[in-house]
Student: 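Handing you a structure now.
Order of appearance sets the numbers: ligands from 1, and atoms from 1 within every ligand.
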Amino acid sequence: MRPTTLAEADLAHAFHPQTNLAAHAETGPFLIARGEGVFVEDEAGARFLDAMAGLWCTGLGYSEPRLVETARRQLDKLPYCQSFGGRAHEPGIRLAEELAAIAPEGLTRAFFASSGSEANDTAIKLAWYYGVARGAPERTTILARRRAYHGVTVAAASLTGLPMMHGGFHLPHPFVVHLTAPHFVQQARDGETEAQFARRLAAELEEVIDRLGASTIAAFIAEPVIGAGGVILPPEGYFAAIQPILRRHGILLIADEVITGLGRLGSMWGCNHYGIQPDILTCAKMLTSAYQPLSAVLVTEEVYTAIAAEAGRRGTFGHGFTYSGHPVACAVAREVLAIYRERDIPGHVRAVAPRFQRRLALLGQSRHVREARGLGLIGGLEMQKAQDAARLEAAARANGLIVRAVGGDTVALCPPLIIAEAEVDELFDRLQSALAALGD
Ligand SMILES: Cc1ncc(COP(=O)(O)O)c(C=O)c1O
């Protein structure tokens with residue numbers, strides 16, 4: 001019999017990503033029909049405050065007419081153009097120029113892909129190619145951290161430090177070596193301060209480099225703030241301690257700003273906030289406010305020049321996607337950046353973040369919560385009992401609020417950056433009732 005309802009068709013034919021597929025067969029889909037501002041609505045008209053901005057991505061909310069109009073105009077004019085063999089178009093060129101103007105110092109070139117995973121895959125390939133270009137082809141190891149999330153393609157999933165993304169897939173691939181998660185509440189020793197913990201992590205990095213040999217290591221990759229691994233902020237002094245070690249050993253630093261880039265922390269980049277000077281930076285998600293799939297890999301002129309020289313020797317640079325620099329996505333991203341400038345979106349984040357963080361910290365007093373932590377408009381509630389993270393997500397949904405259990409033990413909050421103060425209160429009022437509904 002032909003499925004008749006959307007839910008039936010979903011159960012019969014859809015294959016959901018990042019879903020408990022056995023449970024899904026019982027519960028069926030959570031169908032979203034429309035969105036406006038920071039709210040989404042299901043088929044029956046029930047409204048939910050989306051405190052996850054989709055998947056950490058709809059920075060400008062769900063109903064920004066300028067982005068819709070920009071996409072429509074670009075679709076009319078030039079709906080597609082490839083970028084291979086030197087082909088180019090205005091939205092792609094101008095976006096690269098505009099990103100170079102706002103990027104952390106020294107990042108001058110933009111390579112485009114469609115997702116965060118593709119951007120991180122590309123970053124690894126660039127680090128390898130750069131090694132070959134500078135006469136160090138044996139630099140193949142990439143250092144990452146446990147609890148990091150860098151995506152799901154074979155290489156990006158290998159960088160990711162979450163067992164759930166490895167089990168059943170023959171991953172991680174052995175070119176990745178994972179270091180201790182920079183997670184103070186879980187990893188610090190008795191009596192250790194944050195600064196001491198950060199120094200111990202830096203010492204671990206030195207030990208691993210000594211053991212493997214610096215000449216075998218291409219790059220170190222890190223999210224300024226770990227997102228999907230549990231909203232983990234680096235301990236005080238962490239990046240200041242590790243950067244000189246990487247530099248001294250000629251190891252590239254890749255900053256994965258797929259979540260933290262473009263205003264989430266109240267600065268344009270997580271790198272600005274933490275004083276990180278990356279050789280390569282990846283961003284996606286809020287680059288188009290998720291209205292189109294687009295990611296960018298930004299590199300320094302030095303990395304670009306070496307790669308360009310190597311590509312010259314080989315005849316061509318053998319990497320790129322059909323949708324690299326898609327003109328509709330690039331046009332939408334340019335409009336996002338224009339709105340950021342005109343409305344000072346990072347400034348708005350700085351204005352509402354104190355209220356957001358204050359209300360988050362209050363929830364830290366609940367006996368169900370082990371730690372409340374956050375920065376800017378990102379927050380996490382690490383639960384005393386890991387299973388309470390999924391329970392709180394469900395209780396919040398029953399209360400008209402979308403949050404997400406991440407990293408196995410933490411409930412993440414990452415609302416659209418345009419959230420108003422009153423909506424911040426509404427978010428936390430709903431979350432507070434959901435916490436109360438967990439009972440004793
Ligand atoms: C920090 C980080 N890097 C990479 C990715 C992967 O991005 P995508 O899902 O677009 O491949 C994500 C996705 O959540 C992310 O949070």
Side-chain angles (χ1 to χ4, degrees), residues 16-19 50-59 111-125 142 144-162 164-166 169 171-172 176 178 181-183 219-234 253-265 269-271 273-274 276 278 280-298 321 323-324 326 329 332-333 374-380 402-407 410 412-415:
H16 284 266
Q18 303 285 14
T19 297
D50 185 0
M52 275 305 293
L55 280 173
W56 332 76
C57 52
T58 53
F111 178 97
F112 294 116
S114 301
S115 69
S117 300
E118 286 177 354
N120 285 331
D121 261 35
T122 297
I124 295 164
K125 289 181 75 178
I142 311 284
R145 287 102 46 90
R146 285 188 272 284
R147 293 204 60 154
Y149 186 77
H150 297 295
V152 295
T153 51
V154 171
S158 295
L159 300 175
T160 291
L162 298 168
M164 181 67 82
M165 306 298 144
H166 297 154
F169 294 115
L171 295 172
V176 179
H178 288 102
H183 192 356
F220 171 95
I221 184 165
E223 302 154 85
V225 171
I226 288 178
V231 188
I232 302 166
L233 277 66
L253 173 53
I254 304 170
D256 178 346
E257 294 244 29
V258 168
I259 287 178
T260 52
L262 298 148
R264 175 58 59 191
L265 308 181
W269 306 98
C271 287
H273 183 85
Y274 288 109
I276 304 169
I280 301 177
L281 179 153
T282 56
C283 63
K285 295 189 187 275
M286 290 191 294
L287 181 55
T288 57
S289 191
Y291 282 45
Q292 288 285 298
L294 182 70
S295 58
V297 185
L298 309 180
F321 303 96
Y323 301 121
S324 279
H326 193 288
V332 169
L375 180 66
L377 279 180
I378 191 168
I402 297 176
V403 296
R404 180 158 173 241
V406 295
T410 298
L413 304 174
C414 190

Student: If I compare all heavy atoms of Cys57 with all of Ala290, which pair ends up nearest, and what's the gap?
Tutor: SG-CB, 3.5 Å
Student: Just let me know how Thr153 lines up against ligand 1, side chain, backbone, both or neither, with a heavy-atom cut-off below 4.0 Å.
Tutor: neither
Student: Is the side chain of Thr19 donor-acceptor paired with the backbone N or O of Pro17 at a distance under 3.5 Å, no angle test?
Tutor: yes
Student: Please write down residue, atom name and distance for the protein heavy atom closest to atom 3 (N) of ligand 1.
Tutor: Asp256 OD2, 2.8 Å
Student: Does Lys285 reach ligand 1, in the sense of a heavy atom lying below 4.0 Å from it?
Tutor: yes
Student: With atoms numbered from 1 as shown, which atoms in ligand 1 lie under 4.0 angstrom from a non-hydrogen atom of Asn120?
Tutor: 3 (N), 4 (C)
Student: List every atom of ligand 1 that sits less than 4.0 Å from any heavy atom of Ser115, numbering the atoms from 1 in the order shown and giving each element.
Tutor: 10 (O), 11 (O)
Student: Going from CG on Leu253 to CG on Leu281, what distance comes out if it is rounded to the nearest 0.5 angstrom?
Tutor: 9.5 Å
Student: Closest heavy-atom contact between Pro415 and Leu377?
Tutor: CD-O, 3.4 Å
Student: Of the non-hydrogen atoms in Ser289 and Gly59, which two are nearest, and what is the gap between them?
Tutor: OG-N, 3.2 Å
Student: Could you identify the single nearest non-hydrogen protein atom to atom 2 (C) of ligand 1 and state the distance to 0.1 Å?
Tutor: Tyr149 O, 3.3 Å
Student: On a heavy-atom basis, I'd like to know which of Val152, Ile226, Ile259 is closest to atom 16 (O) of ligand 1.
Tutor: Ile259
Student: Tell me: protein heavy atom nearest atom 8 (P) of ligand 1, and distance?
Tutor: Gly116 N, 3.5 Å
Student: For the residue pair Ala144 and Leu159, what are the closest heavy atoms and their distance?
Tutor: CB-O, 3.4 Å
Student: For ligand 1, note which part of Glu223 has a heavy atom under 4.0 Å away: side chain, backbone, both or neither.
Tutor: side chain
Student: Can you tell me the protein heavy atom closest to atom 11 (O) of ligand 1 and the distance?
Tutor: Ser117 OG, 2.5 Å
Student: Please check if atom OH in Tyr274 has more than 12 non-hydrogen atoms from other residues, nucleotides or ligands closer than 6.0 Å.
Tutor: yes
